[in-house]
Amino acid sequence: MSEEPNPLSGAWPLAPSTAADWLRELCGEGLTGFMPPPSPDAAWVLNAMYEHESGPGRVSYHEERQAGLADGSVAPDVVAGIDLDAAGLVVTGGGLGRAEHPGPGWRRLRWAELAGRGGESVVPEGRLPSHHCFPSVRKEGSWPVGIVPPTEGSLDRGTWERLTGLLLAHSPAGADTRCLAYYSPLTLGRDADYTTAHVRAGRLGDAGLLYDNPRTHFSPSNLWAEDRSWVLCTDYDLWATKVAGPPALVEALLEDAGIEALRLPWAP
């Protein structure tokens with residue numbers, strides 16, 4: 001595979017697609033990301049969500065859009081001649097891909113806090129962190145406008161930076177740790193190749209460059225140390241990242257105040 005013009009190329013050049021073969025053999029098909037087993041331990045790092053200082057409010061994103069359509073302040077969403085609003089599209093308020101802190105007036109809302117309000121589990125038993133969570137908070141699938149829900153398919157920037165910082169602290173070579181990153185074809189848009197794995201190689205100390213990869217709106221689907229001592233998976237359909245690795249790393253994730261992480265007994 002030839003390299004394309006990309007500011008990322010110098011620090012994270014393309015690697016042979018075969019570099020991901022071990023993950024395919026271990027995890028199976030990796031269209032949405034290669035989900036690793038605990039090796040030997042694992043935890044789920046939850047994507048951040050935020051709440052406005054005025055509270056969640058009673059109006060949902062969908063209700064807000066419908067009101068805008070009614071008074072003309074919002075234009076209909078028409079794709080390929082199809083009016084998605086007229087077709088019954090529900091605006092959930094959530095989004096795919098990278099996410100930033102929403103700015104002044106917003107605070108981090110912990111999953112545990114939101115679950116506690118409704119007497120719900122942080123993650124429903126038997127499920128993974130995804131749209132199945134917090135059913136009592138949403139109206140017909142749409143979040144209240146005072147909450148920015150977790151992003152799907154990608155780590156948010158704050159969680160990415162905190163997570164890679166912990167990986168640095170628990171990798172003997174620190175910033176010089178050799179790593180590989182795999183991007184699911186679902187994250188690559190027009191650059192997608194469904195027959196050849198898109199893998200890049202670089203240093204853990206340069207992981208910040210991966211987050212701002214101009215060819216995608218997603219963080220890597222998988223990132224792993226070259227020695228395979230740890231591996232993370234951010235599945236395209238989920239709101240969290242599974243981190244598999246040594247118990248000391250997993251315990252650090254569970255105890256870190258800047259990250260919200262948990263073990264899922266049904267998805268170790």
S.K.: Which atom names give the shortest non-hydrogen contact between Leu180 and Glu226, and what distance separates them?
M.R.: CD1-CA, 4.0 Å
S.K.: Treating Glu260 as the side-chain partner and Ala112 as the backbone partner, does any N or O pair qualify as donor plus acceptor under 3.5 Å?
M.R.: yes
S.K.: So does Arg58 get a backbone contact from the side chain of Lys139, meaning a donor-acceptor N/O pair under 3.5 Å?
M.R.: yes
S.K.: Nearest 0.5 angstrom please: Arg263 CZ to Leu254 CG, how far?
M.R.: 5.0 Å
S.K.: Considering non-hydrogen atoms only, spot the tightest contact between Ser154 and His217 and give its length.
M.R.: OG-O, 4.4 Å
S.K.: Same cluster for Val45 and Leu264 if Ile/Leu/Val/Met/Phe/Trp/Tyr side chains link at under 4.5 Å?
M.R.: no
S.K.: Hey, does the side chain of Ser60 reach the backbone of Glu63 with a donor-acceptor pair shorter than 3.5 angstrom?
M.R.: yes
S.K.: What distance separates Leu166 CG from Asp256 CG, expressed to the nearest 0.5 Å?
M.R.: 4.5 Å
S.K.: Checking Lys242 side chain against Val231 main chain: does a donor-acceptor pair fall under 3.5 Å?
M.R.: no
S.K.: Between Arg65 and Asp77, is a side chain to side chain contact (heavy atoms under 4.5 Å, CB included) present by the stated rule, with each step listed?
M.R.: CA-CA 11 Å; Arg65 179 167 181 81; Asp77 191 2; 3.5 Å; yes
S.K.: Quick check: do Glu29 and Arg24 have side-chain heavy atoms less than 4.5 Å from each other?
M.R.: no
S.K.: Please report the shortest heavy-atom distance between His62 and Leu89, naming the atom on each side.
M.R.: CE1-O, 3.1 Å
S.K.: So, do Leu26 and Phe34 sit near enough that their side-chain heavy atoms are less than 4.5 Å apart?
M.R.: no
S.K.: Test of understanding: clusters of I, L, V, M, F, W, Y form through side-chain heavy atoms closer than 4.5 Å, transitively. Do Trp111 and Trp266 belong to the same one?
M.R.: yes
S.K.: Closer than 4.0 angstrom, basic N to acidic O: yes or no for Arg110 and Glu51?
M.R.: no
S.K.: Picking from Tyr183, Trp160, Tyr236, what satisfies ring pair (Phe, Tyr, Trp, His ring centres under 6.0 Å) with Phe218?
M.R.: Tyr236
S.K.: Just checking, is any N or O donor in the side chain of Thr159 or Asp156 under 3.5 Å from an acceptor N or O on the other one?
M.R.: yes
S.K.: Is there a side-chain contact between Val74 and Gln66 (heavy atoms, below 4.5 Å)?
M.R.: no
S.K.: With side chains defined as the heavy atoms from C-beta onward, is the minimum distance between Ser221 and Thr187 less than 4.5 Å?
M.R.: yes
S.K.: So how far is it from Arg162 CZ to Leu253 CG, rounded to the nearest 0.5 Å?
M.R.: 10.5 Å
S.K.: Does some side-chain heavy atom of Cys179 sit less than 4.5 Å from a side-chain heavy atom of Trp12?
M.R.: yes
S.K.: Can you confirm whether Val199 sits close enough to Asn222 that some side-chain heavy atom of one is under 4.5 Å from a side-chain heavy atom of the other?
M.R.: no
S.K.: Which residue is it: Thr32, Asp235, Asp237? I am looking for the one with a side-chain contact (heavy atoms from CB on, under 4.5 Å) to Leu186.
M.R.: Thr32
S.K.: Taking C-beta and beyond as the side chain, do Cys133 and Pro124 meet within less than 4.5 Å on heavy atoms?
M.R.: yes
S.K.: Does the Tyr211 side chain pair with the main chain of Leu155, one donor and one acceptor, at a distance under 3.5 Å?
M.R.: yes
S.K.: Main chain of Leu204, side chain of Thr177: is a donor-acceptor contact present, judged purely on distance under 3.5 Å?
M.R.: no
S.K.: Decide whether Ser171 and Trp230 meet the rule of one side-chain donor and one side-chain acceptor closer than 3.5 Å.
M.R.: yes
S.K.: With Glu152 as reference, evaluate Leu238, Leu96, Thr234 under the side-chain contact (heavy atoms from CB on, under 4.5 Å) test and give the passing residue.
M.R.: Leu96
S.K.: Just verifying a value: how many Å separate Tyr50 OH and Ile147 CD1, rounded to the nearest 0.5 Å?
M.R.: 13.5 Å
S.K.: Could you walk me through whether Leu210 and Leu8 pass the side chain to side chain contact (heavy atoms under 4.5 Å, CB included) test, one step at a time?
M.R.: CA-CA 7 Å; Leu210 290 172; Leu8 185 68; 4.2 Å; yes
S.K.: Please check if the side chain of Ser73 supplies one atom and the backbone of Asp71 the other of a donor-acceptor pair under 3.5 Å.
M.R.: no
S.K.: Shared ILVMFWY cluster between Trp143 and Leu46, side chains joined below 4.5 angstrom?
M.R.: yes
S.K.: Please check if the number of heavy atoms outside Arg127 that lie under 6.0 Å from its CZ is greater than 12.
M.R.: no
S.K.: How long is the gap from NE2 on His131 to OG1 on Thr92, to the nearest 0.5 Å?
M.R.: 10.5 Å
S.K.: Grab the two heavy atoms, one from Ser17 and one from Thr196, that are nearest each other, plus how far apart they are.
M.R.: CB-CG2, 3.5 Å
S.K.: Same cluster for Leu232 and Trp44 if Ile/Leu/Val/Met/Phe/Trp/Tyr side chains link at under 4.5 Å?
M.R.: no
S.K.: Pair Ser9, Arg200 - check side chain to side chain contact (heavy atoms under 4.5 Å, CB included), show working.
M.R.: CA-CA 9 Å; Ser9 302; Arg200 292 182 177 273; 4.3 Å; yes
S.K.: Is there a donor-acceptor pair under 3.5 Å between the side chain of Arg98 and the backbone N or O of Thr216?
M.R.: yes
S.K.: Short question: side chain of Trp106, backbone of Gly146 - any donor-acceptor pair under 3.5 Å?
M.R.: no
S.K.: Given Tyr61 and Val145, is the side chain to side chain contact (heavy atoms under 4.5 Å, CB included) satisfied, shown in steps?
M.R.: CA-CA 5 Å; Tyr61 285 94; Val145 294; 4.1 Å; yes
S.K.: Consider only side-chain heavy atoms of I, L, V, M, F, W and Y, link residues closer than 4.5 Å, and tell whether Leu209 and Leu168 are in one cluster.
M.R.: yes
S.K.: For Ser54 and His52, which I'm curious about, is there any donor-acceptor pair between the side chains at under 3.5 Å?
M.R.: yes
S.K.: Which one of Asp41, Leu223, Val250, Leu249 satisfies the side-chain contact (heavy atoms from CB on, under 4.5 Å) criterion with Val243?
M.R.: Leu249
S.K.: Are the side chain of Arg215 and the backbone of Gly189 linked by a donor-acceptor contact shorter than 3.5 Å?
M.R.: no
S.K.: Taking the side chain as every heavy atom from C-beta outward, state whether Phe134 and Pro149 have any pair of such atoms under 4.5 Å apart.
M.R.: no
S.K.: Quick one: do Trp224 and Tyr182 satisfy ring-ring contact (aromatic ring centres under 6.0 Å, His included)? Show the steps, please.
M.R.: CA-CA 9 Å; Trp224 67 95; Tyr182 162 75; 7.5 Å; no
S.K.: What's the shortest heavy-atom distance between Pro185 and Asp193, and which atoms?
M.R.: CB-O, 3.9 Å
S.K.: Show the nearest heavy-atom pair for residues Gly33 and Ser184, with the distance to one decimal.
M.R.: N-CB, 4.4 Å
S.K.: Roughly how far, to the nearest 0.5 Å, is OG of Ser229 from NE2 of His170?
M.R.: 12.0 Å
